[in-house]
Each structure stands twice: as C-alpha cells, then as structure tokens.
Colleague: 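Have a look at this one before I ask anything.
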Amino acid sequence: MDLSGRIALITGASQGIGRACALALAEAGADLVIGSRNLEKLRQVAAEVEALGRKTLALSLDVSSSDSVQRAVTAALEALGRIDILVNNAAITKDSLVMRMKPQDWDEVLRTNLDGAYHCIRAVLPGMVRQRYGRIINISSVVAQAGNSGQANYIASKAGLIGLTKAVAAEVASRNITVNAVAPGFIATPMTDQLPEGVRQKILSLVPLGRMGTDREVAYGVRFLASDEAAYITGHVLNINGGMYMA
Ligand SMILES: NC(=O)c1ccc[n+]([C@@H]2O[C@H](COP(=O)([O-])OP(=O)(O)OC[C@H]3O[C@@H](n4cnc5c(N)ncnc54)[C@H](OP(=O)(O)O)[C@@H]3O)[C@@H](O)[C@H]2O)c1
C-alpha cells in the first residue's frame with residue numbers, strides 16, 4: 001500500500017491506536033499532522049514518525065472544541081498545504097451504569113467522541129471537496145454494534161459515529177471522498193490497561209480468536225481504507241474484533 005505524497009491528520013495520536021495509525025501510515029509514505037491534548041507525548045510520537053523519514057506536524061488539539069479543531073486544521077493547511085486523509089480516533093470513556101451516570105460524564109464523552117469527529121470532518125471537508133479527493137476514517141467500536149452495560153455514553157457516541165459515517169459518505173461520494181468506520185474489538189492499549197483482571201478475562205471469553213488485538217492490527221485496517229486499493233469502499237464498517245461480533 002503506497003500513501004506517498006498523501007497528508008493525513010490523525011486525532012488522539014499520542015498513544016494506543018492513534019499512535020499505531022501514525023506509524024502505519026508513515027511507513028506507507030504519508031506525511032502527518034498529529035494532534036492531542038498532551039503535546040509532550042505527542043512529540044515523542046512525532047520523533048518516531050520522523051525517524052521513518054516522514055514529515056510530521058504535532059499540534060495541541062482538543063477535538064471537543066470547534067475553535068481548537070479549526071485552529072489546528074488552519075495550521076496544518078499552512079504548513080503542509082492540504083489534508084488527504086482524516087482519522088477520527090480521539091476518544092475517552094467515563095463508564096458507569098446509566099442510572100448513576102452524571103450528565104457531565106454523558107456530555108464530556110459525547111462532546112469528545114462524536115462532536116469531535118463532526119468538528120474535524122467539517123474543518124477538512126472544504127479542502128477535500130476542492131481537491132476532489134479524500135479519505136475519512138472514523139474509529140467506532142464493537143460495543144456500538146453489540147452493546148455493553150456501563151457504557152451508555154461511550155456506546156451512544158460510537159454508534160453515532162457509524163451513523164455519521166454513512167450520512168457523510170452519501171453526501172460527499174460524488175466528490176471522490178470516501179468515509180468509512182473501523183470498529184475495533186478488545187485491543188491492548190492504555191484505554192484497556194485500566195480494566196480490572198476479572199473484566200478482562202470475561203471479555204476475552206467472548207473473543208473466538210482467544211486473545212486481545214494489537215493496536216497495529218487496527219492500524220492496518222485504517223491504512224487499507226486510506227489507500228487507493230479501497231477506492232470503491234464507502235459507508236462501510238470494518239470490524240477488527242477477533243470474531244467478537246460477526247455482523
Ligand atoms: N482499546 C480498545 O480496546 C478499543 C476498542 C474499540 C474502540 N477503540 C477506539 O479506538 C480509539 C483509540 O483508542 P485507544 O485504546 O488507543 O485509546 P487511548 O489509549 O485512551 O488513547 C486515546 C487518545 O485520544 C486522545 N484524546 C482524548 N481526548 C482528546 C481530546 N479531547 N482531543 C484530542 N485528543 C484526545 C488522547 O490523547 P491526550 O490525552 O493527549 O489528548 C489519546 O492519544 C478510540 O476511538 C477508542 O474509542 C478502542
């Protein structure tokens with residue numbers, strides 16, 4: 001897969017799946033704009049990408065703020081000229097049973113995970129429409145399809161991303177822009193490192209392949225959807241879940 005000459009914006013690239021996407025896209029030849037709130041960690045990822053010989057712009061970015069997103073996209077366009085690929089990866093969890101869920105935790109998760117993707121799509125689309133080329137990949141989750149207790153806010157945001165994917169895919173297909181979602185299953189990252197051992201074992205018992213996925217295995221799916229080989233795929237949800245949910 002060759003992404004030479006392409007420029008990708010990846011949100012939440014300071015660790016986990018976002019970092020793995022940064023490295024996988026850079027290995028295929030893309031130059032990158034990476035963003036997250038923690039600039040120090042992000043700079044370490046930028047150094048790893050630069051070691052692969054690719055240009056990287058690391059930007060402080062809070063996807064839940066439309067102003068922050070607009071500032072980052074403006075800076076990216078000034079520095080690199082255009083954005084060909086957007087990976088909406090940044091997300092948080094604030095888990096609790098819905099009866100105990102604080103409105104603030106509901107809002108914060110929806111604002112980051114769903115509004116954040118909307119802000120980023122809205123900021124990059126004018127350029128993609130003008131250049132008649134774009135690849136947008138939204139990172140959803142297996143729980144958006146299968147459900148799970150204690151994650152109503154997170155699941156609502158991730159199911160919303162699937163709807164957003166299909167709506168925007170229909171709107172921009174005529175401009176040669178594809179919009180797809182990736183739905184990872186149980187992946188070893190700092191997000192899942194926080195889970196108690198009992199919960200991990202229970203989730204693992206639901207995975208036919210019998211192990212957690214790696215961030216790289218998700219990144220390879222993202223890289224495929226970003227490539228020319230995936231030109232005729234749009235509005236699709238790619239499951240990378242070890243068989244945990246078979247749609
Ligand atoms: N791990 C799994 O098993 C799994 C399963 C299904 C789906 N996913 C999805 O895969 C994606 C990555 O997950 P992960 O496990 O790699 O998560 P993670 O390790 O917690 O990383 C999340 C990233 O998002 C960034 N972020 C959080 N809030 C942000 C904000 N407001 N603005 C900008 N960046 C923000 C974080 O950086 P800062 O803190 O520096 O901002 C971090 O880089 C997420 O969309 C997640 O929902 C993960």
Side-chain angles (χ1 to χ4, degrees), residues 9-24 32-46 48 58-73 86-95 105 107-120 123 137-148 151 153-162 164-165 181-195 199-200 203-204 206-207 209 211-219 221-222 237-242 244-245:
L9 167 60
I10 305 170
T11 69
S14 60
Q15 62 183 36
I17 291 169
R19 170 182 167 274
C21 288
L23 295 172
L32 303 184
V33 182
I34 54 177
S36 73
R37 295 164 305 177
N38 183 334
L39 203 48
E40 203 176 310
K41 273 170 86 177
L42 201 60
R43 287 198 178 117
Q44 290 169 23
V45 178
E48 290 181 87
L59 294 172
S60 167
L61 168 68
D62 177 356
V63 293
S64 67
S65 153
S66 62
D67 287 349
S68 171
V69 169
Q70 201 51 62
R71 273 197 303 276
V73 169
L86 166 65
V87 183
N88 278 315
N89 167 78
I92 55 169
T93 53
K94 297 258 171 196
D95 294 353
D105 290 346
D107 287 344
E108 211 178 314
V109 169
L110 269 289
R111 273 208 313 272
T112 303
N113 301 6
L114 183 56
D115 297 14
Y118 156 72
H119 296 318
C120 292
I137 298 133
N138 298 318
I139 309 298
S140 179
S141 169
V142 65
V143 293
Q145 303 156 309
N148 191 26
Q151 295 198 297
N153 48 3
Y154 180 76
I155 293 176
S157 73
K158 293 293 173 180
L161 276 180
I162 293 178
L164 179 69
T165 297
V182 167
F186 190 33
I187 311 299
T189 70
M191 187 181 265
T192 46
D193 284 350
Q194 304 161 13
L195 292 171
V199 176
R200 292 162 71 85
I203 301 175
L204 267 182
L206 303 172
V207 183
L209 280 177
R211 63 172 176 86
M212 294 177 81
T214 66
D215 51 14
R216 285 297 250 181
E217 287 169 322
V218 178
V222 170
V237 182
L238 178 62
N239 295 332
I240 304 180
N241 64 24
M244 194 174 170
Y245 179 85

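For ligands, and for the atoms within them, numbers begin at 1 and follow the listed sequence.
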Colleague: Once side-chain contact (heavy atoms from CB on, under 4.5 Å) is applied, do any residues pair with Gln151, and if so which ones, sequence neighbours excluded?
Modeller: Thr93, Asp95, Val143, Asn148, Tyr154, Ile155

Colleague: Sort out the contact shell of ligand 1: every protein residue with a heavy-atom distance below 4.0 Å, listed by chain and number.
Modeller: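 Protein residues near ligand 1 are Gly12, Ala13, Ser14, Gln15, Gly16, Ile17, Ser36, Arg37, Asn38, Leu61, Asp62, Val63, Asn89, Ala90, Ala91, Ile92, Thr112, Ile139, Ser140, Ser141, Tyr154, Lys158, Pro184, Gly185, Phe186, Ile187, Thr189, Pro190, Met191, Thr192.
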
Colleague: List the steps and the verdict of side-chain hydrogen bond (donor to acceptor under 3.5 Å, both in side chains) for Ser14 and Asn38.
Modeller: CA-CA 7 Å; Ser14 60; Asn38 183 334; over 6 Å; no

Colleague: What distance separates Ile240 CD1 from Ile187 CD1, expressed to the nearest 0.5 Å?
Modeller: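 One finds 7.5 Å between CD1 of Ile240 and CD1 of Ile187.
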
Colleague: With sequence neighbours left out, what residues match Arg200 under side-chain hydrogen bond (donor to acceptor under 3.5 Å, both in side chains)?
Modeller: Glu197

Colleague: Does a donor on one side chain and an acceptor on the other come within less than 3.5 Å for Gln145 and Asn241?
Modeller: no

Colleague: For Ser64, what residues pass the side-chain hydrogen bond (donor to acceptor under 3.5 Å, both in side chains) criterion, not counting sequence neighbours?
Modeller: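 Partners of Ser64 under the side-chain hydrogen bond (donor to acceptor under 3.5 Å, both in side chains) test: Asp62.
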
